[in-house]
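What follows is a short report on a single structure.
In the text below, chain A, chain B and the rest are named by the order of the sequence lines, each starting its count at 1.
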Amino acid sequence: MSERFTILKKEGLAKRGRFETVHGVIETPVFMNVGTVAAIKGAVSTEDLERIGTQVELSNTYHLHVRPGDDKIKALGGLHKFMSWNKPILTDSGGFQVFSLASLRKIKEEGVYFASHIDGRKIFMGPEESMRIQSNLASTIAMAFDECPNSKAERKYVEDSVARTTRWLERCKAEMTRLNSLDDTINKDQLLFGINQGAIFPDIRIEHAKRISELDLPGYAIGGLAVGETHEEMYEIIEKTVPYLPSDKPVYLMGVGTPVNILEAVERGVDFFDCVYPTRNGRHAHLYTNFGKINLMNAKYELDDSPIEEGCKCPTCQRYSRAYIRHLLKAKEMLGMRLCVLHNLYFYNNLMTEIRDALDKGCFAEFKKNKISSMMHEE
RNA sequence: GUGGGUAUGGCGCAGUUGGCUAGCGCGCCAGAUUGUGGCUCUGGAGGCCGUGGGUUCGAGUCCCAUUACCCACC
């Protein structure tokens, strides 16, 4: 075992932790920066990531498999070398993409048949394929291949789907163990995180959590949330599920979320996060600040000479004004997106730093209350 | 100066042989977006149809005049 999760401090269910990996230490709670195709969208380099305090980069198995091909990345020495990033990388299994992007998919016991969204060619992906791809990519943490059922799916469908996801997880573990023992495997210490499913049925979630906890994996994720249910339903599921996952392992809430979602989830015991919001919203001029979200495309910023947020330490706010960035966005200059994405990622990374500081000092509850009230306040 | 053309929300345009609350794209404003297809979607505000007359039950559409701009020619 190469990894170690140490809980440094607790406040209620909230944990201040440290996750040690072969690629370095991850201080938790952490927000992983999403770079699906081994690139943070918006012309952000790994050099930039170092500058804005990124701890973990997240890439995607499905996307890298269809282009450029995981075999090529392996030939080039693995994802770390390929993209020149030596800190931890988490790869998502491709399970979610198979359901959200691919068309003509057919789910079977062995895996999923579907058509590539790039060129339409037929692809098969099952637990073993996903593990092999992720092993080729040589990420720090590999995610289990799961099915993410629709949030409105009927109980019977979810039960069957979750049972299959459990069987898939056992196959993932066996395959990962095998791959990690092979001589030509780049990262023989690759870690596998299991994924809890069950839509919004608490009892299915709990049963599944108990079941996968027996597999004694280095970490566990809660998947299938923030896909259409209300915030209240999401918080309720987190609250009811986390107690049935191993208390000495990190919990990762997949694809979530807004700054408020993160604060609420940390309070309920979540340690890892990722979300496309800071990057996607950055590309669309929606910027996060401590006084709420602003849309820089609004006409009122045309002559605004101030930075996105007064006092912000991000590379963008150090030099550029709202009026200038707005102009770049209007002119569709790539630099506009880049500056916005840098600001948003810095904001998220910094939010996590503040959360960890508050946990260290034992004042998370108060920090959370003040932060939310500040962000609800409009400029 | 002569001939021709165009004038419709901030910009670019549609508006059938005159007929019901004048449309569209962009822009503007406000939302949505949660294990990313550099998107997409949903609302909203904004026009006395260049100006003045006329014909008609009824004119953005027809007639006259006038103004501005564009193109040719002198």
Neighbour count >12 (heavy atoms, 6.0 Å) for atom CG, Asp184(A): yes

Rounded interatomic separation in angstrom, taking CD1 from Ile222(A) and P from U34(B): 18 Å

Nearest-Å distance for atom pair CG/C1', residues Leu225(A) and U33(B): 17 Å

Of the listed nucleotides G35(B), G38(B), C39(B), the one nearest the side chain of His284(A): C39(B)

Whichever of Ala43(A) and Thr258(A) has its nearest RNA chain B nucleotide further upstream toward 5': Thr258(A)

U34(B) base / His231(A) side chain donor-acceptor hit below 3.5 Å: yes

Touch class at under 4.0 angstrom, heavy-atom based, for Asn60(A) against every strand present: sugar-phosphate

Partner nucleotide of G47(B) by Watson-Crick or wobble geometry (both distances under 3.5 Å): none

Length of the line joining Ile89(A):CD1 and G35(B):P, which is rounded to integer Å: 19 Å

Nearest-nucleotide pick for Tyr277(A), side chain only, options being A30(B), G38(B), U34(B): U34(B)

For atom CZ of Arg67(A) and atom C1' of G37(B), their distance in whole Å: 9 Å

Sugar-phosphate only, base, or nothing, as touched by Glu302(A) at under 4.0 Å among non-hydrogen atoms: nothing

Set of residues satisfying side-chain contact (heavy atoms from CB on, under 4.5 Å) with respect to Arg283(A), sequence neighbours excluded: Lys41(A), Thr279(A), Arg280(A), Met337(A), Val341(A)

Pairwise C1' distance for G27(B) and G12(B), with rounding to whole Å: 11 Å

Sugar-phosphate, base or nothing in reach of Met334(A), heavy atoms under 4.0 Å: base

Per Val256(A) side chain, nearest of listed nucleotides G38(B), U33(B), U34(B): U34(B)

Sugar-phosphate only, base, or nothing, as touched by Ile195(A) at under 4.0 Å among non-hydrogen atoms: base

Proximal nucleotide (of U33(B), G38(B), G35(B)) relative to the Arg280(A) side chain: U33(B)

P-based separation of C73(B) from C64(B) [nearest Å]: 27 Å

C1'-based separation of G23(B) from A30(B) [nearest Å]: 23 Å

Assigned partner base of C73(B), Watson-Crick or wobble definition, under 3.5 Å: G1(B)

U55(B) to U61(B) separation - C1' atoms, rounded to the nearest Å: 14 Å

Between G19(B) and G1(B) - P atom distance, rounded Å: 37 Å

Touch class at under 4.0 angstrom, heavy-atom based, for Asn295(A) against every strand present: nothing

Residues Arg51(A), Asp48(A): salt bridge by 4.0 Å N-O rule: yes

Any-strand Watson-Crick or G-U partner of A68(B), both distances under 3.5 Å: U6(B)

Basic-acidic side-chain contact under 4.0 Å: Lys173(A), Glu170(A): no

Whole-Å distance separating the CH2 atom of Trp168(A) from the P atom of G35(B): 20 Å

With Arg67(A) via side chain to side chain donor-acceptor pair (under 3.5 Å) - residues at least two apart: none

Pairing partner (Watson-Crick or G-U wobble, both distances under 3.5 angstrom) of G58(B): none

Asp70(A): which of Arg132(A), His65(A), Gln134(A) passes side-chain hydrogen bond (donor to acceptor under 3.5 Å, both in side chains): His65(A)

Assigned partner base of A32(B), Watson-Crick or wobble definition, under 3.5 Å: U40(B)

Aromatic plane relationship, Tyr288(A) with Phe347(A) - under 30° parallel, 30 to 60° tilted, over 60° perpendicular: parallel

Value in whole Å for how far the P atom of G35(B) lies from CZ of Phe31(A): 9 Å

Listed nucleotide nearest any side-chain atom of Asn281(A), set U33(B), A30(B), U34(B): U33(B)

Sugar-phosphate, base or nothing in reach of Gly42(A), heavy atoms under 4.0 Å: base

Whole-Å gap separating C1' (G44(B)) and CG (Asn298(A)): 14 Å

Residue mapping more 5' on RNA chain B - nearest nucleotide basis, Arg326(A) or Met254(A): Arg326(A)

side-chain N/O His63(A) vs G37(B) OP1/OP2, d < 4.0 Å: yes

Spacing of the C1' atoms in G3(B) and G46(B) (rounded, Å): 39 Å

Base partner of G12(B), which must satisfy Watson-Crick or wobble distances under 3.5 Å: C24(B)

Sugar-phosphate, base or nothing in reach of Gly35(A), heavy atoms under 4.0 Å: nothing

Pairwise P distance for U40(B) and U34(B), with rounding to whole Å: 16 Å

Residues Glu50(A), Lys87(A): salt bridge by 4.0 Å N-O rule: no

P spacing across the pair C63(B) / U21(B), given as an integer number of angstrom: 24 Å

Ile40(A) CD1 to G35(B) C1', straight-line distance once rounded to whole Å: 14 Å

